[in-house]
Amino acid sequence: MAAELPFEDADLAERGAGEPALIVDVDGFEGPLDLLLELARRQKVDLHRISVLALAEQYLQFIEEARRTRLELAADYLVMAAWLAYLKSRLLLPEPPRDGDEPSASDLATALAFRLRRLEAIRAAAKRLSDRPQLGRDVFARGRPEPVAVLERPQWEATLYDLLTAYAHQRQKQANARVTLHKRFVWSLIEAREALERLVGEARDWTALDDYLTTYVARPNMRRTVRASALSATLEMAREGILDLHQDEPFGPLWVRRRDGGAAGMPPRPSAGEEKR
Amino acid sequence: MSATVESIARDAQAFAEALRIAEALIFASREPVREEDLAGRLPEGTDLRAVLARLETLYAARGVNLQRVAEGWVFRTAPDLAFVLAREVVEPRKLSRAALETLAIIAYHQPVTRAEIEDIRGVATSRGTLDALMETGWVRLRGRRRTPGRPVTYGTTPSFLSHFGLEAIDDLPGLDELKGAGFLSGRLPPGTVVPLPSDDPTLREDEEPLEEDLFTILEAERVAEMGEPLDMSDER
Amino acid sequence: MSATVESIARDAQAFAEALRIAEALIFASREPVREEDLAGRLPEGTDLRAVLARLETLYAARGVNLQRVAEGWVFRTAPDLAFVLAREVVEPRKLSRAALETLAIIAYHQPVTRAEIEDIRGVATSRGTLDALMETGWVRLRGRRRTPGRPVTYGTTPSFLSHFGLEAIDDLPGLDELKGAGFLSGRLPPGTVVPLPSDDPTLREDEEPLEEDLFTILEAERVAEMGEPLDMSDER
């Protein structure tokens, strides 16, 4: 890109790979504005003082020639040709009285010249940009960067909740691991039998076994062993013919009475609420 | 406040140490080092500006220069030594003239839409040109212009600045001339408002964010280029 | 052959240029640069040895040094600046359950010996667990228990309190509070006691000071761990 007017000949070669040429090239020009700019340059005058009329004529002439030798032109070029033909006719005719907002022919010519100058300016800027020292082309970065070493500083995470859970877990485990056997209070079968013999001796009628037991047993924690032993004792005593046993339903109250030829009959129906455990 | 001889000597030593640290930090890194990061590593109370200015001077005539680019400070080989070093590297892919021109328009006119690029160049921009630019990582989609059709706006990235050794977007060469001639004002007649290019990532008043992901946008742009959306049944 | 003033100046300039080139080449190279490669890039007739020696001197006191390694020459950041190039990353780490339990026991039962901790936990405490706890800075060695073997006693530090948001060690919940908050179930044997902890730094009656330095103590503890008499081999 060192040449002053690089696009005239070397342009096609510069098209980047992988960039499809969608534009129909007219002698390597990139669009009508590019062509116009080149034509303007050939006027060899400052772009501020180009003759737009002369430029329009040159453009139309160029297009005519191109159409004679080529099959087709990109539509852009034709649109521009039509517009320039219109502009040319407007510029040649005396300026009609201004009507409304429509721009005058000279406004249009100025606008075209402006666009050409702007394109040229941006091209110059592009060149200056690409002339700058570029990284990896003209200047180079550190080839062997030294990575920043990462030192890990652990930050311990633990919450009070974690701490207390851990402690409680430990203490609980410790407590569970140390099994203490309580001294068990057991009402022996013999005790039970003695007690029952004493109690039932007075009961000539059906009496619920539990009634005996609850009146006899004061301490609640003894109830289970008393009940178990008492049941065994009553069964034994029933076998020996000392007691009659009766139960209405599974888990129902157990009725007992002394068997000494007393009045036969069924025990009373338990009333509601009675014997609820 | 009278500084004793010792305290002067101490200051000088602290400054020399700060130089060494800054030098090591920037030297070791391939990427520009941000001033905040430097400040964080230098001893408390160091005059970072002075340290960097001194290093810049120290290295100005050397084979390796200290440079300020977009994101921070970086050591780069001196540009005049390109001829010795160039042999070493694979020739980077060259941008076509069209791509370079488009890049320049994006840089000087950003945020800019494709229609505006085409207006300046007077020719349709091929998808390939924009793709090639996006691939360089120097150009990004900024947002959408709040105009009918909500066209995508393009701008440059920090790596654009870094690649071309620019400190900020207003260091673009020839920016003043372009501005003075009214060439940055888009379609407006010269002499009205002269917008300056800005790669400030915050969107302008007339921009709105890109909501979709990049892929969707590029796809949409591609379809727009193709023209009418293809009939689905034709796709297979 | 007498060297004229100009030729001396010319030589000096050529040497300076060779310095710059060598500097840039070594800077930009991915690999250490071999002397043959340098020689090939430097102007004809350059005294490569002299260039490298000069560069080495130039950079000797800087933040970056020129170094000769096996394969060739490289720039490296000065070794004494390693600390600048290191970045500290705080890595959140969780305490193991064993460590947490041990910590809790130390907190509640301090001053406590290792044997006592093990008695409560019912398992041996690995050295690693105590090391990890010492590393947290939450646990310290208090003194020695005045019992046979003079075991070390452990306690907590002020940073333990601040980490767990406790104003004082007796803010640790007691038995009833632990039960109330559901940490402990009701099924505890009667007589379970959660001690009222105290981190008072003054040694207790049954404690005596640690005379030795920490290292010696930790070392001794380590040996103790290894090494109950080996004839207790049936433990394995």
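To find a chain, count down the sequence lines: A is the first, B the second, and so on, and within it residues start at 1.
With a 4.5 angstrom heavy-atom cutoff, Ile26(C) does not touch chain B via any of its atoms. Both the backbone and the side chain of Ile21(C) have a heavy atom closer than 4.5 Å to some heavy atom of chain B. When heavy atoms are compared at a cutoff of 4.5 Å, Asn65(C) does not approach chain B at all. At a 4.5 Å heavy-atom cutoff, Ala16(B) makes no contact with chain C through either its backbone or its side chain. For chain C, the nearby part of Arg76(B) is the backbone; its heavy atoms alone come within less than 4.5 Å. Looking at Ala22(C), neither its backbone nor its side chain comes within 4.5 Å of chain B, counting heavy atoms on both sides. Leu58(C) touches chain B through its side chain: at least one heavy atom from C-beta onward sits under 4.5 Å away, while N, CA, C and O do not.
We find that Glu207(B) and Arg144(B) are not joined by a salt bridge, their nearest charged nitrogen and carboxylate oxygen being 4.0 Å or further apart. Look at Arg49(B) and Glu56(B) and you find no salt bridge, because none of the NZ, NE, NH1 or NH2 atoms lies under 4.0 Å from a carboxylate O.
For the 3.5 Å distance criterion, the side chains of Thr156(C) and Gln110(C) qualify, holding a donor opposite an acceptor. Between the side chains of Thr129(C) and Ser126(C), a donor-acceptor pair is found at a separation under 3.5 Å.
Ring planes of Trp138(B) and His163(B): tilted class, angle from 30 to 60°. Using the six-membered ring where Trp is involved, Phe27(C) and Phe27(B) have ring planes that are perpendicular, over 60° apart on the 30 and 60° scheme.
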